[in-house]
Number of protein chains: 4
Amino acid sequence: MPRPSVEAQRREQILRAACEVLSDQGLHEFRLADVARRAGVSSGTIHYYFDGKRAVLSAAFEHNYRLSISRRRELTAEGGRPMAALRELVEAFLPRRAEALTAWRVWAELWAEAMRDEQFQAINETLYGQWRRLVTDLIAQAQADGSARAGDPAALANMLVAMIDGLAVQVLAGSREMTADRMRRTVLQFLDGCVAA
Amino acid sequence: MPRPSVEAQRREQILRAACEVLSDQGLHEFRLADVARRAGVSSGTIHYYFDGKRAVLSAAFEHNYRLSISRRRELTAEGGRPMAALRELVEAFLPRRAEALTAWRVWAELWAEAMRDEQFQAINETLYGQWRRLVTDLIAQAQADGSARAGDPAALANMLVAMIDGLAVQVLAGSREMTADRMRRTVLQFLDGCVAA
Amino acid sequence: MPRPSVEAQRREQILRAACEVLSDQGLHEFRLADVARRAGVSSGTIHYYFDGKRAVLSAAFEHNYRLSISRRRELTAEGGRPMAALRELVEAFLPRRAEALTAWRVWAELWAEAMRDEQFQAINETLYGQWRRLVTDLIAQAQADGSARAGDPAALANMLVAMIDGLAVQVLAGSREMTADRMRRTVLQFLDGCVAA
Amino acid sequence: MPRPSVEAQRREQILRAACEVLSDQGLHEFRLADVARRAGVSSGTIHYYFDGKRAVLSAAFEHNYRLSISRRRELTAEGGRPMAALRELVEAFLPRRAEALTAWRVWAELWAEAMRDEQFQAINETLYGQWRRLVTDLIAQAQADGSARAGDPAALANMLVAMIDGLAVQVLAGSREMTADRMRRTVLQFLDGCVAA
DNA sequence: CATGAATGAGCTTTCATTCAT
DNA sequence: CATGAATGAAAGCTCATTCAT
């Protein structure tokens with residue numbers, strides 16, 4: 001009798017390890033052997049649950065996105081005060097704590113690779129789209145309750161998320177001119193100066 | 001009779017090929033054999049001019065940056081009309097023509113890799129810094145001649161360049177929601193709504 | 001309540017599947033996983049009934065031989081007309097119908113492998129010997145009833161069975177110069193010209 | 001300056017080793033690592049000269065055939081006495097000396113594999129065809145000079161070569177009932193009884 | 001009896017690097 | 001200066017085998 005949960009458990013265990021390896025070593029030095037070691041399973045087990053390196057990568061990219069988005073959604077679930085939620089969102093995405101750092105590094109790898117890979121493009125399109133919509137909705141709500149000024153909420157959301165991405169990349173690249181703190185101030189300045197009422 | 005320029009020529013030839021391979025295949029599938037083939041030299045020659053794969057990569061990243069910045073500098077060299085120059089800069093960076101696409105793809109690889117490599121971080125710090133300063137100066141000039149509103153020019157520059165990076169990454173990742181055209185409108189909207197006087 | 005026949009059934013089921021896999025894929029690509037799938041059992045079950053891959057192979061080779069010989073024996077059981085029985089035997093061995101093709105392919109694998117494996121040699125020695133004797137007896141009977149000319153029946157049998165093997169191998173190797181039809185004519189020509197009275 | 005002969009030398013060196021490994025271990029346990037060791041080169045070198053395992057196999061099968069046929073052709077080159085040449089041919093093919101044993105074992109592997117592989121079938125068709133023609137010509141010459149009786153020389157050749165193959169396979173499979181000596185007597189008996197005038 | 005999850009040794013293959021020429 | 005033959009470490013992947021259930 002196979003225990004029905006074991007497959008989900010193993011996959012989750014492997015994908016978590018894969019994201020860590022991806023974050024620590026980059027796609028460039030992403031080895032299934034390292035994933036196996038970190039997940040505490042044999043290399044055979046990885047091939048038992050996934051069709052190969054590429055399949056692990058794909059699933060890891062998706063896993064990384066889903067995890068972040070579900071966390072953010074909790075943050076914005078409650079009805080009240082959308083401008084405050086936006087500001088909290090910004091804080092949550094600052095590349096400061098290990099958790100956020102890992103997520104950002106995995107995204108950067110996904111983006112770099114998606115430029116030539118349709119499968120990865122599809123993952124990004126779907127999940128980045130969810131993130132974009134989440135922000136768009138918050139801005140629209142803020143406009144509705146008068147805490148944000150008028151303007152196309154989708155355009156404003158695109159400005160905001162792109163700015164966050166661009167700044168985070170520089171922070172993660174170890175820029176001394178662009179620290180997490182400076183990133184925070186820059187984005188909040190944008191929110192205050194260009195979005196808030 | 002050693003021809004003194006042959007070394008510079010060969011290096012240039014190899015680096016151009018390296019950028020093309022990097023753009024076409026990504027760091028992940030970056031093979032010196034491919035660089036050699038594209039440069040029309042033997043693999044031995046690459047090792048004769050560079051200390052190894054990593055050295056070729058470093059030099060290629062730097063080459064890619066220098067090329068772009070020198071091109072942009074020409075664009076902004078003349079004295080007059082800094083706001084117009086900013087708008088032209090935005091156009092020039094749109095990931096549309098092959099030349100710009102190649103440059104963006106190489107940057108994306110550099111950023112992803114710089115997250116774990118101090119040497120690459122140093123390259124990025126220096127050369128991204130030049131680009132940041134170029135934009136900051138333009139904004140300051142625009143404020144000086146009254147075509148841009150008041151505000152910390154460095155902060156505005158950071159918003160702008162980060163936004164451009166973030167949007168370009170999505171365009172390059174093949175997003176159907178974020179095309180080069182949409183990117184253009186979004187950035188210009190930001191310039192009109194948050195920077196211009 | 002142990003069902004006493006279940007073991008024999010399972011073994012038979014597995015061996016039939018093994019012969020099919022052997023015929024379809026060759027020893028070279030003979031995988032227990034494929035045998036299991038084709039037999040409709042788990043890989044664990046195969047190891048429950050056999051001591052490992054080699055044991056399955058051995059048993060499959062033997063199974064293939066026994067099946068063929070028992071079929072041929074039926075063909076030659078009745079008393080009368082040994083020369084006619086020889087001709088029928090030839091027809092029955094032509095690599096034409098799926099059943100005969102499978103048997104031939106398994107033999108070819110056995111022979112190739114038996115060159116280095118004493119266990120397989122023993123199987124071949126015993127069972128090929130039965131086949132040789134069956135043919136020798138028929139020839140001897142034909143000589144006794146005057147339908148075959150004189151001569152050492154064992155030598156004639158060796159000529160005949162070797163010729164059949166050698167021709168079948170070329171037919172199975174897809175030769176356009178040696179088809180099943182040509183094989184038939186060649187062997188019958190030998191029977192008429194060198195064996196029959 | 002690449003020495004022009006080095007490629008041919010290396011390929012020959014590797015193919016000879018490949019035939020030995022094939023003969024000693026069979027296709028089933030044919031490892032490129034063993035070929036490399038036996039040829040005294042690295043595994044990398046094998047991949048430098050051949051496109052992979054399959055390519056080595058193909059070339060080895062062909063090499064084995066060409067070697068045997070060119071040796072036999074020398075045997076039959078001189079004009080006189082075709083029946084004697086046929087008898088010598090039989091002697092030369094007896095699986096006795098190491099050289100002949102190796103060739104036979106490699107053929108057996110080729111035949112087994114050719115049953116499912118068109119590329120191997122093509123090799124067999126071409127080179128076995130040459131062998132068949134060589135024998136056919138000898139028989140026709142023997143008929144012309146009156147040392148062989150009438151009859152379709154192609155059919156007689158097919159009988160003869162198939163018989164040789166079938167007998168050799170049993171000898172190689174270690175049969176105690178069919179030794180090299182018995183094989184010799186059997187084939188000569190066929191030549192005397194069915195071919196010679 | 002039978003399962004299938006899990007293992008890990010062992011294989012082919014790739015590719016940066018070296019060095020004799 | 002430049003080549004390319006040769007290397008060998010390291011990687012992904014396969015599959016016979018084991019064993020808790």
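Order of the sequence lines fixes the chain letters, A, B, ..., with proteins taken first and strands second; residue numbering starts at 1 for each chain. Keep in mind that this is a model prediction, so the values were computed, not measured.
- Nucleic acid contact class of A:Phe50 (heavy atoms, under 4.0 Å, all strands): none.
- Under the salt bridge (charged side-chain N to carboxylate O under 4.0 Å, His left out) criterion, the residue pairs touching residues 103-112 of chain B are A:Arg116-B:Glu109, with sequence neighbours excluded.
- D:Leu57 places its CG atom 10 Å from the P atom of E:dT12, with the value rounded to the nearest Å.
- Here the side chain of B:Lys53 is nearest to one of E:dC15, E:dA16, E:dT7, namely E:dA16.
- The CZ atom of B:Arg37 sits 13 Å away from the C1' atom of E:dT14 (whole-angstrom rounding).
- Taking the six-membered ring for Trp, B:Tyr65 and B:Trp107 have ring centres closer than 6.0 Å.
- Between the CZ atom of C:Phe30 and the P atom of F:dT14 there is a distance of 19 Å, rounded to whole Å.
- Among the nucleotides F:dA6, F:dT3, E:dA6, the one closest to the side chain of B:Thr45 is F:dT3.
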Begin from the C-alpha positions of D:Phe30 and D:Val35 and carry the test side-chain contact (heavy atoms from CB on, under 4.5 Å) through to its verdict.
CA-CA 8 Å; D:Phe30 179 80; D:Val35 176; 3.7 Å; yes
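- Each of B:Ser43 and D:Gly44 has a nearest nucleotide on DNA chain F; the 5'-most of these lies closest to B:Ser43.
- In this structure, B:Ala33 and C:Gly40 both approach DNA chain E, and ranking their closest nucleotides by distance from the 5' end singles out C:Gly40.
- The separation between D:Gln9 atom CD and F:dG4 atom P is 19 Å, rounded to whole Å.
- At E:dT7, one or more side-chain N or O atoms of A:Ser42 fall inside 4.0 Å of OP1 or OP2 (strictly under the cut-off).
- Taking every side-chain heavy atom of B:His47 into account, E:dT18 is the closest of E:dT3, F:dA9, E:dT18.
- When rounded to the nearest whole Å, the span between CD1 of D:Ile14 and C1' of F:dT7 equals 13 Å.
- Computed from coordinates, the D:Ile46 CD1 to E:dC15 C1' distance equals 17 Å when rounded to whole Å.
- Rounded to whole Å, atom P of E:dC1 lies 10 Å from atom CZ of C:Arg10.
- Shown here, F:dT21 forms a base pair with E:dA2; the pair counts as Watson-Crick or G-U wobble because both key distances fall under 3.5 Å.
- With respect to the salt-bridge test (charged N to carboxylate O, under 4.0 angstrom), the residues A:Glu62 and A:Arg66 qualify.
- A residue-by-residue look at A:Gly52 and B:Val41 shows that B:Val41 has its nearest nucleotide of DNA chain F further toward the 5' end.
- If you check F:dG12, F:dC1, E:dA16 against the side chain of B:Tyr49, the one that comes closest is F:dC1.
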